[in-house]
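Order of listing sets the numbers, starting from 1, for every ligand and every atom in it.
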Amino acid sequence: MVDKADNKVLIREFSADTDIEVVGKLERNCELGSKRGFSIFTSMMCDPLCRIRFYPIHIMLVAQLLDNGELVGVIRGCIKHVGTGFGGTHVMGCILGLRVSPTHRRMGIGFQLMNSVEEWLLRKGAQYTFLAAEKNNTASTNLFTSKCNYMNISSLIIFVQPVCSTAKDPVPQVIKIEKLHVDQAIFLYKNRLRDKDMYPTDMDVILKEKFSLGTWVCYFEEQGWINLDSEENNKGTITKTQSSWVIFSIWNTCEAYKLHIRKSHPLSYFRATLSHAREKIFSWLKMPRSNVSVQSSFGFLFLYGLHGEGEQLGELMKSVWKFALGLGQNVKDSKLILTELGMCDPLIKHVPDDPSISRIHDLWYAKSLSSHPDDKDDLLMKGPLGNVFVDPREF
Ligand SMILES: CC(C)(COP(=O)(O)OP(=O)(O)OC[C@H]1O[C@@H](n2cnc3c(N)ncnc32)[C@H](O)[C@@H]1OP(=O)(O)O)[C@@H](O)C(=O)NCCC(=O)NCCS
């Protein structure tokens, strides 16, 4: 409990039975303060737990005023197991969805929610905690760095493009885009992700999940790429190649939303929330309102697992983007293509320079929860992690 100013607040676990509507309203009142005024990763989710639903160990806490029972804050936490390029597996606590009602800010409630979720993560074995915020969000940057001692570990750009904003543009004939069998994709990612600073250790689960539409490689036909069936590859090491190639996977959020609507909550609540989110996102993207009114649902395709090798990544990346847009135009309810790339990722400079692609600058923060001084010799000290593999289940 906190007792700061005249605010007595109880931090307790979220109850789906009693809190869902109020938390929905709280989220809508707290749409993030970027100049576009909207975060697609929060309100449009509608389901207060959906970004962490895939993780078996998760929690959602609310801050409740003791005098009148009003809910004035919310936060979520989950446990992830991630591999790192430095070797080994780490138990990571991930914090997301921190919101404090605009009428109750600067009273210590955000700080109290952070402390409570960190205590829970520590009890569940987390060695580190992670969170992300938009770069221009001063309140959360100050809270995380000055009050909660987080350090900025990496910087990512989220790229978003409406699928209807472009005419169908074919991939040039000299470039091949080939779908991999899921076992080939798992093999290739496991082999290549060793170089990434952080990646989910259950990559195979992600790739086999029904929301994952598949994994493809993109390369110049005349160059070819890796022969996955070669004897050397069967032993687990991939033959080196001079070719340029890009691997990517695509996650379909559209079906996930429908699933949440059907299974978890009263339809009416979700209709209202979806409609609200839809209007916001379409105005954020400056799309015609006619597109909003006729469409009853929306989602997006998330391009994840992007990894490129070789000298000629520019043409390949353009083709990957065209391919994803084309797929988006054929997937029902898919209105956007979205991807997230670390600032140090060589592919970032090859994302097409198209005025209809919006860019959101996110910062990732982390801290070690260990009190043991030796444990500070950890991945946080090994330099900025600019190459984070973004887990599609968070979208
Ligand atoms: C960020 C947010 C959760 C902070 O909640 P809060 O309850 O007001 O935070 P606290 O009162 O605990 O403030 C703790 C510290 O954060 C920093 N801080 C909070 N609001 C700030 C602001 N508007 N400007 C600058 N620093 C701020 C200060 O360092 C503050 O300590 P101080 O009051 O001793 O100076 C709240 O502003 C919010 O819900 N914003 C919208 C949603 C959001 O941005 N969430 C984070 C996304 S990851």
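Of the heavy atoms in Lys147, only side-chain atoms (C-beta onward) come closer than 4.0 Å to ligand 1. Contacts with ligand 1 closer than 4.0 Å are made by heavy atoms of both the backbone and the side chain of Ala139.
Connection of Phe130 to Met151 is established within a shared hydrophobic cluster, with ILVMFWY side chains joined at heavy-atom distances below 4.5 Å, either directly or through further cluster members. Note on Val205: it does not cluster hydrophobically with Ile186, by side-chain heavy-atom contacts below 4.5 Å among ILVMFWY residues.
For the side chain to side chain contact (heavy atoms under 4.5 Å, CB included) test with Phe14, the passing option among Val62, Val74, Ile75 is Val62; the others fail. Of the residues listed (Leu71, Ile109, Leu65, Val72), the one engaging Ser101 in a side chain to side chain contact (heavy atoms under 4.5 Å, CB included) is Val72, and it is the only one.
The residue among Arg105, His104, Glu134 with a heavy atom at the shortest distance from atom 37 (O) of ligand 1 is Arg105. The option from Leu363, Asp362, Leu96, Leu143 that lies nearest to atom 4 (C) of ligand 1, judged by heavy atoms, is Leu143.
Here the side chains of Tyr219 and Glu178 are in contact, with some heavy-atom distance below 4.5 Å.
Set against the non-hydrogen atoms of Phe111, the atoms of ligand 1 under 4.0 Å away are 12 (O). Less than 4.0 angstrom separates some heavy atom of Asn137 from each of these atoms of ligand 1: 43 (C), 44 (O). For ligand 1 and Ala132, the ligand atoms under 4.0 Å from any heavy atom of the residue are 48 (S). Distances below 4.0 Å separate heavy atoms of Asn142 from the following atoms of ligand 1: 17 (C), 25 (C), 26 (N), 29 (O). Within ligand 1, the atoms closer than 4.0 Å to a non-hydrogen atom of Gly108 are 10 (P), 11 (O), 12 (O), numbered from 1 in the order shown. Close approach of ligand 1 to Met107 (heavy-atom distance below 4.0 Å) involves ligand atoms 11 (O).
Separating the CG atom in Leu96 from the CE atom in Met60 is a distance of 10.0 Å, to the nearest 0.5 Å. How far OG1 of Thr129 is from NZ of Lys367: 6.0 Å, rounded to the nearest 0.5 Å.
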Apply side-chain hydrogen bond (donor to acceptor under 3.5 Å, both in side chains) to Asp354 and Ser356, showing your working.
CA-CA 5 Å; Asp354 184 319; Ser356 67; 2.9 Å; yes

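Of the polar atoms of Leu98, at least one N or O is found under 3.5 Å from an N or O of ligand 1, judged by distance alone.
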